[in-house]
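Below, chains carry the letters A, B, ... as their sequence lines are ordered, and counting in each starts from 1. Values in this document were obtained by computation on a predicted structure and should not be read as measured data.
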2 protein chains.
Amino acid sequence: MATAWEQSYLTLRRRLADGTYPAGSRLREEELAAQLGVSRTPIREALRRLDAEGWLRVVPNQGAFAAEWSRQDIEEIFDLRALLEAHACEQAAMRPTATGVAALFAACEAGEACMPASTLAAMETVSDANVRFHQTIWEMSGQARTRSMLGTLAVPPMILRNFRHFDEANLRRSLAQHREMAAAIASRNPSLAGAVMRAHVEAGKAIFLAAAPQGTTGAAT
Amino acid sequence: MATAWEQSYLTLRRRLADGTYPAGSRLREEELAAQLGVSRTPIREALRRLDAEGWLRVVPNQGAFAAEWSRQDIEEIFDLRALLEAHACEQAAMRPTATGVAALFAACEAGEACMPASTLAAMETVSDANVRFHQTIWEMSGQARTRSMLGTLAVPPMILRNFRHFDEANLRRSLAQHREMAAAIASRNPSLAGAVMRAHVEAGKAIFLAAAPQGTTGAAT
DNA sequence: TCGGTGCCTTCTGCATACAATCGCAGAGCG
DNA sequence: CGCTCTGCGATTGTATGCAGAAGGCACCGA
């Protein structure tokens with residue numbers, strides 16, 4: 001087993017992502033320690049890292065609060081994702097690996113196999129395939145910092161759940177773009193791959209903003 | 001006074017930046033605690049954050065090691081800076097503030113006043129003005145995540161000290177670009193401001209790579 | 001002489017204890 | 001009636017102690 005603080009970090013991050021701790025809610029150290037069966041020390045170290053990565057905000061002498069995301073935050077995150085994902089995509093297209101390309105096409109097929117995604121389970125599968133597709137590109141880029149930055153940008157709840165706002169047509173467009181990117185990467189075409197990725201992320205941004213018209217979006221959504 | 005762990009974090013980060021702790025060197029908790037006059041607990045929390053930000057690498061049961069930067073790391077960092085600094089620059093040009101623009105021009109003049117920067121002290125002044133210029137743009141962008149990401153990208157020793165590689169002509173070019181960006185921001189021209197910033201960072205990358213031809217660059221340089 | 005094994009030292013990982021701080025409630029006062 | 005100030009409870013901040021892992025070194029055997 002890994003260190004206790006690392007385990008705590010992973011558990012807390014997952015819970016922050018899936019909405020167990022609503023945006024803005026306070027996280028008390030002792031309570032978390034009891035829940036995870038460790039002492040406050042590793043919890044505090046996990047909280048420091050989550051703070052550094054933007055998952056929560058630690059106020060001295062007041063404690064940790066799950067991050068809240070304003071509309072501006074969302075826009076910024078999508079903009080940064082557009083920049084960084086496109087960069088990663090271009091890098092991946094410069095030196096595609098056989099296993100990486102295979103993984104990309106596998107993710108494409110896994111997603112397409114569920115279409116039309118009428119049931120909730122099918123949506124989950126499509127969403128998982130989507131995450132795998134993007135993560136594969138991050139890996140293929142070979143850019144460690146880009147990967148870790150995207151890891152902290154692309155996982156917040158509202159991004160992960162954006163798929164809920166996708167209708168049938170948008171899902172198909174998204175999957176088609178995935179396939180287009182996979183082909184561009186396989187054929188070593190960085191500018192095409194990057195351009196499609198930019199369009200892909202921008203489309204997601206538009207859908208999200210249209211679905212969440214105003215104000216701050218807590219985890220209540 | 002702020003919390004001990006925050007103070008420790010700032011002190012350690014400064015020392016990592018200025019080379020007090022050479023790249024690859026091990027940082028022992030008890031030693032740091034003694035140096036900073038605190039116990040190991042706040043030191044550990046500071047180390048966790050420095051790890052998350054890429055300043056050092058913490059290996060379980062082995063301790064913390066000051067980060068080492070390969071040539072690939074350097075290239076990636078400059079590439080990311082080019083993306084993010086240009087983004088910040090565009091954002092700043094969309095809503096320039098009077099005080100921000102004034103600060104930009106002030107930084108320009110502070111740098112130009114030292115030219116030709118023959119003495120070491122003059123170089124320091126130019127370097128400080130350079131840092132202030134960039135940080136002002138980050139602030140003006142109003143993008144919190146962009147700012148914090150750039151904060152972790154633009155400070156590593158080899159970036160900060162890149163000025164040492166600038167000759168007279170490059171310094172003048174750099175200062176001229178600063179003035180061009182300030183003007184573009186003041187006149188609300190995002191695409192010009194962003195393009196100049198991209199060129200500015202790319203030029204720095206080229207100079208750095210030319211000066212450090214190969215291999216990993218520890219703090220020995 | 002070389003490889004392996006077991007001890008030993010050192011340092012990190014975690015738990016616990018104590019100190020400091022903050023927010024809040026209620027009393028006292030204007 | 002409203003304001004302020006103080007005391008208390010709760011929670012975070014820091015220090016310390018102990019257990020366990022990693023690496024080094026000596027000793028032993030081949």
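- Every side chain to side chain donor-acceptor pair (under 3.5 Å) that B:Arg44 has, sequence neighbours left out, goes to A:Glu45, B:Glu29.
- When each of A:Pro60 and A:Trp5 is assigned the nucleotide of DNA chain C with its nearest heavy atom, A:Trp5 is the one assigned upstream, toward the 5' end.
- For the pair B:Leu56 CG and C:dT12 P, the computed distance is 12 Å after rounding to whole Å.
- With sequence neighbours left out, A:Ala110 forms a side-chain contact (heavy atoms from CB on, under 4.5 Å) with A:Ala129, A:Arg132.
- Take A:Ala46 and apply the side-chain contact (heavy atoms from CB on, under 4.5 Å) test, not counting sequence neighbours, and it matches A:Ser8, A:Tyr9, A:Leu12.
- Within 6.0 Å of CD on B:Gln35 lie more than 12 heavy atoms contributed by other residues, nucleotides or ligands.
- For the segment residues 39-54 of chain A, residues with any heavy atom less than 4.0 angstrom from an atom of DNA chain D are, sorted by number, A:Arg40, A:Arg44, A:Arg48.
- Side-chain atoms of B:Thr146 and A:Glu76 form a donor-acceptor pair, as typed in the model, at a separation below 3.5 Å.
- Annotation: the span from A:Leu27 atom CG to A:Arg15 atom CZ amounts to 10.0 Å, rounded to 0.5 Å.
- Across the protein-nucleic acid pair, A:Leu32 atom CG and D:dT12 atom C1' stand 13 Å apart, rounded to whole Å.
- Within the 3.5 Å criterion, the main-chain N or O of B:Trp55 finds no donor-acceptor partner in the side chain of B:Arg13.
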Distances for protein N/O vs nucleotides 7-11 of chain D N/O pairs under 3.5 angstrom?
residue, atom, partner, partner atom, Å
D:dT11, OP1, A:Arg28, NH1, 3.0
D:dT11, O3', A:Arg26, NH2, 3.2

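- D:dT14 atom C1' lies 14 Å from atom CG of B:Leu36, rounded to whole Å.
- Pairs of residues two or more places apart, or lying in two chains, that qualify as salt bridge (Lys or Arg N to Asp or Glu O under 4.0 Å) and include a residue from residues 84-109 of chain B are B:Arg81-B:Glu85, B:Glu90-B:Arg198, B:Glu109-B:Arg179.
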